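These numbers come from a predicted model, not from an experiment.
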Amino acid sequence: MHKIADRKYYSQRIEKVKTSSMRESLSGKHVLLAEDNDLNAEIAVTVLEETGIVIERVEDGIQCVNRVVQMSPGTYDLILMDIQMPNMDGYKATRCIRRLDDKKKAEIPIIAMTANAFAEDRKKAFDAGMNGHIAKPIDIEKLGAVILSVLNKQENLQNGKNNSMNANRLRS
């Protein structure tokens, strides 16, 4: 019974998103979802697929780190990282990814998903090297906004690096 109410709630929210510009901006982006809870994962996948995001799920931090290591750089545009997972939590997984030798993989944007929305939890997420923070239960509009803001920041950083590299080439 509980599951149906969740579905109905999310399908109402999804209708709003379908008509928004969020869909245009997120469509075709590849997201790796690290989430151990099946229901939470199902909801996140349903919600995100409606925005046109291509999503792949792993069930804990170890699987998440392994997937990033195995896939070629640029496979994922973003990671949505649950904090409380078995085997390796989201903080530790993020720190492992940030230490990877491949810069492109190490700099992948990571957004924390946590039931704890306190300031100290946000700080812990950013201290671990995460780029954003979203509280559960997931509000689809907020999630979309956080994803867009993190991806835009990342794009600006990349463009900034490319521009400074081009400027250096021009000077020499």
Side-chain angles (χ1 to χ4, degrees), residues 6 9-10 13 16-17 20-22 25-26 29-48 51 53 55-71 73-161 164:
D6 282 345
Y9 168 79
Y10 281 103
R13 308 273 349 227
K16 276 199 222 165
V17 172
S20 78
S21 62
M22 193 192 295
S25 314
L26 294 177
K29 296 286 183 200
H30 286 76
V31 170
L32 181 60
L33 170 68
E35 168 65 75
D36 64 306
N37 179 293
D38 288 338
L39 179 61
N40 289 345
E42 194 182 323
I43 290 169
V45 168
T46 304
V47 164
L48 291 168
T51 66
I53 284 176
I55 191 155
E56 203 176 309
R57 177 195 171 197
V58 289
E59 292 181 25
D60 65 34
I62 293 172
Q63 288 178 14
C64 181
V65 174
N66 288 343
R67 188 65 52 90
V68 172
V69 168
Q70 288 158 8
M71 299 307 260
T75 299
Y76 304 109
D77 296 296
L78 182 103
I79 297 173
L80 281 175
M81 184 82 75
D82 183 28
I83 295 301
Q84 293 165 318
M85 294 183 288
N87 306 322
M88 181 190 282
D89 70 21
Y91 298 128
K92 189 162 189 212
T94 298
R95 285 192 288 268
C96 289
I97 290 167
R98 292 295 177 242
R99 287 195 296 262
L100 294 174
D101 291 335
D102 186 322
K103 269 279 169 256
K104 196 165 166 76
K105 290 181 180 183
E107 290 173 1
I108 188 169
I110 300 175
I111 296 175
M113 292 188 311
T114 173
N116 307 328
F118 301 110
E120 69 246 31
D121 296 300
R122 291 178 62 87
K123 184 183 180 320
K124 251 177 111 171
F126 290 109
D127 288 348
M130 294 180 171
N131 307 79
H133 181 279
I134 184 92
K136 290 182 190 175
I138 292 169
D139 175 317
I140 180 167
E141 286 138 40
K142 271 192 196 142
L143 178 60
V146 171
I147 290 175
L148 283 176
S149 119
V150 166
L151 288 175
N152 288 338
K153 269 187 208 151
Q154 188 77 359
E155 215 168 274
N156 293 339
L157 278 175
Q158 296 302 330
N159 291 341
K161 281 180 191 166
S164 65

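Atom NZ of K124 sits in a sparse spot, with 12 or fewer heavy atoms from other residues, nucleotides or ligands closer than 6.0 Å.
In terms of heavy-atom proximity, E59 sits nearest to P86 at O-CD, 4.4 Å. Scanning both residues, I97 and C64, for their nearest heavy atoms gives CD1-SG, 4.2 Å. Pairing each heavy atom of A112 with each of M130, the nearest pair is CB-SD, 3.2 Å. The shortest non-hydrogen separation linking A44 to I138 is CB-CD1, 4.3 Å.
Between the side chain of D77 and the main chain of H30, a donor-acceptor pair closer than 3.5 Å is present. Judged by distance alone, the side chain of R57 and the main-chain N or O of V45 form no donor-acceptor pair under 3.5 Å. In this structure, the side chain of D82 does not engage the main chain of M85 through any donor-acceptor pair within 3.5 Å. Between the R95 side chain and the A128 main chain, no donor and acceptor come within less than 3.5 Å of each other. A distance-only check finds a donor-acceptor pair linking the side chain of N131 to the backbone of I110 [under 3.5 Å]. Side-chain N or O atoms of K92 include none that pairs as donor or acceptor with a backbone N or O of G61 at under 3.5 Å.
With a 4.5 Å cut-off on side-chain heavy atoms, L33 and E56 do not count as touching. Put simply, the side chain of L26 does not reach to within 4.5 Å of the side chain of V31, judged on heavy atoms. Put simply, the side chain of M81 does not reach to within 4.5 Å of the side chain of M113, judged on heavy atoms. Residues H133 and K123 have side chains not in contact (no heavy-atom distance under 4.5 Å, counting atoms from C-beta outward).
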